[in-house]
Asker: 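I am attaching a structure below and will ask some questions about it afterwards.
This structure is a prediction, so every number in the text was calculated from the model and none was measured.
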Protein chains: 2
Amino acid sequence: MARPRGFCEEEALDKALDLFWRHGYEGASIAALTEAMGINRPSLYATFGNKEELFKKALDRYVSIKDAIFDEGLAEPTGRDVVRHLLRKAAEMMTEPGHPVGCLAVQGAISCSDESEPVRQELIRIRQHHEQRIRDRFAEEQDAGRLPPGTNPDDLAMLLATIANGMSIQASTGATRAQLLTVAENAARAWPQVDDVASDAAASNAAE
Amino acid sequence: MARPRGFCEEEALDKALDLFWRHGYEGASIAALTEAMGINRPSLYATFGNKEELFKKALDRYVSIKDAIFDEGLAEPTGRDVVRHLLRKAAEMMTEPGHPVGCLAVQGAISCSDESEPVRQELIRIRQHHEQRIRDRFAEEQDAGRLPPGTNPDDLAMLLATIANGMSIQASTGATRAQLLTVAENAARAWPQVDDVASDAAASNAAE
DNA sequence: TACATTATATACTGATCGGTACATAACTAG
DNA sequence: CTAGTTATGTACCGATCAGTATATAATGTA
């Protein structure tokens, strides 16, 4: 019973996600956001609250995309297949033409000023959520007897997350899709799995 | 024959390096820099030119530190030893108490605004310099016959750089030294080397 | 002691940041 | 057509950004 909104909220969120992804949280200014979203400042604040809330709402869309990829990847039959699937998908997603490069949860979490600390914490939380999913999947691998003796599924999950994070950095600094796919394939081939590891145990005890 | 400088240029540069490392290029404001360095704005500009030149001079000190680590690590007898040495050193350096976490060349290269693009390019150049050193070392491994058939030394160098970059992200988001050392050890153990790889060739052709 | 030179400290510039006050436009219910 | 409500557009707020003008303090030389 009042003036209707002159823009689509979801479309505007997608534009905001693109800009945040491309420039990080602080790098995307309100001026740039409103221009990309095709709306005015007051409309943005009336609809989304403030910059931080807008970011979180855009982030929700990003997480749902990534969760869908994890659903596929974690369903692969063995740990090595999971690694290959997830890293290949990551390589493709991070170099999608017309899309921002790298992973929003990595690029956006690099601290610039302190003011964006809550956003950084949120991104860390997101990444830990995904790492937890990998941990659970690798625990299944261990139960299935496919982990070499002494290999810790949590350690492998962290290694995989580390490689994925590194790929995001590589992508944001010019790595091509072909290069990232090669990284993914080499990581998958070297992945420890019981059918190709001979001796070597207790890598997990190396930390002091 | 004039008023002498009231501060030590090298000490001031070290303070600046610490701040850039901690907050990134844009995140370290001139106000914060001058306070940390214990000098005034005009002194900073008279001595170091401007923010970008100050950053590059601080970066030089960082690169020399890192190059020294590479000198040690690349001297290890085999590729796997090189990987273990470099990743262990990286884990220790990234979690040094009282120091900023992560790698400056990674944390600083994440784009916030476009204005810092030249700085980003400089950091990318630095990282490529180090990746080149790894490439050369792995080429020696291939000549020595320690690389599994079909394994490309350049690909392995990129994989190693990817893991190191990922460790920087992990460090900046709360990973402990013990966790990073475990990542390093697991990566080293799984590293492809001719004495433990049976079949599997041409991982390099996986990219499309 | 007087001068030339360089470093320092204060205070400013214009631009941009996130966020908002306020007047007006567009709509629906009566 | 009017009243009430919500969206929009403009123009602003104080804070902060990198960088600088200017006046003064501290030195070596003469």
Asker: Tell me: CE of A:Met37 to P of C:dG18, nearest whole Å?
Answerer: 13 Å
Asker: Name the orientation class of the two ring planes belonging to B:Phe7 and B:Phe48 (parallel below 30°, tilted from 30 to 60°, perpendicular beyond 60°).
Answerer: tilted
Asker: Select one nucleotide: of D:dT5, C:dC17, D:dG19, the one nearest the side-chain heavy atoms of B:Asn50.
Answerer: D:dG19
Asker: Can A:His99 and A:Asp18 be counted as having a side-chain donor-acceptor contact under 3.5 angstrom?
Answerer: no
Asker: Closer than 4.0 Å, any side-chain N/O of B:Ser43 to the OP1 or OP2 of C:dA7?
Answerer: no
Asker: How many whole angstroms separate atom CG of B:Leu44 from atom C1' of C:dT6?
Answerer: 17 Å
Asker: Could you tell me how the ring of A:Phe20 sits relative to the ring of A:Tyr25: parallel (under 30°), tilted (30 to 60°) or perpendicular (over 60°)?
Answerer: parallel
Asker: Whole Å only: how far is the CZ atom of B:Arg41 from the C1' atom of D:dT22?
Answerer: 16 Å
Asker: Taking atom P of C:dG19 as reference, at what distance in whole Å does atom CG of A:Leu54 sit?
Answerer: 10 Å
Asker: With nearest nucleotides of DNA chain D determined for B:Ala31 and A:Thr47 from heavy-atom distances, which residue corresponds to the more 5′ nucleotide?
Answerer: A:Thr47
Asker: Looking for any heavy atom pair under 4.0 Å, which part of the strands does B:Pro4 touch: base, sugar-phosphate only, or nothing?
Answerer: sugar-phosphate
Asker: Measure the distance from CD1 on A:Ile30 to C1' on C:dT20 and round it to the nearest whole Å.
Answerer: 12 Å
Asker: Return the nearest nucleotide to the side chain of B:Arg5; candidates are D:dA18, C:dA7, D:dT8.
Answerer: C:dA7
Asker: Got more than 12 heavy atoms from elsewhere within 6.0 Å of NZ, A:Lys89?
Answerer: no
Asker: Could you state the CD-C1' distance from B:Glu53 to D:dG19, rounded to the nearest angstrom?
Answerer: 13 Å
Asker: With B:Met167, which of A:Ile163, A:Leu159, A:Thr162, A:Asn165 fulfils side-chain contact (heavy atoms from CB on, under 4.5 Å)?
Answerer: A:Thr162
Asker: Tell me the interatomic distance from B:Tyr45, atom OH, to D:dC17, atom P, rounded to whole angstroms.
Answerer: 11 Å
Asker: May I have the distance from A:Glu26 (atom CD) to D:dA15 (atom P), rounded to whole angstrom?
Answerer: 19 Å
Asker: Quiz question: going by heavy-atom distance under 3.5 Å, is there a donor-acceptor pair between the base of D:dA25 and the side chain of B:Arg3?
Answerer: yes
Asker: Would you mind telling me which residue lines up with the more 5' stretch of DNA chain D, B:Tyr25 or A:Ala46, judged by nearest nucleotide?
Answerer: A:Ala46
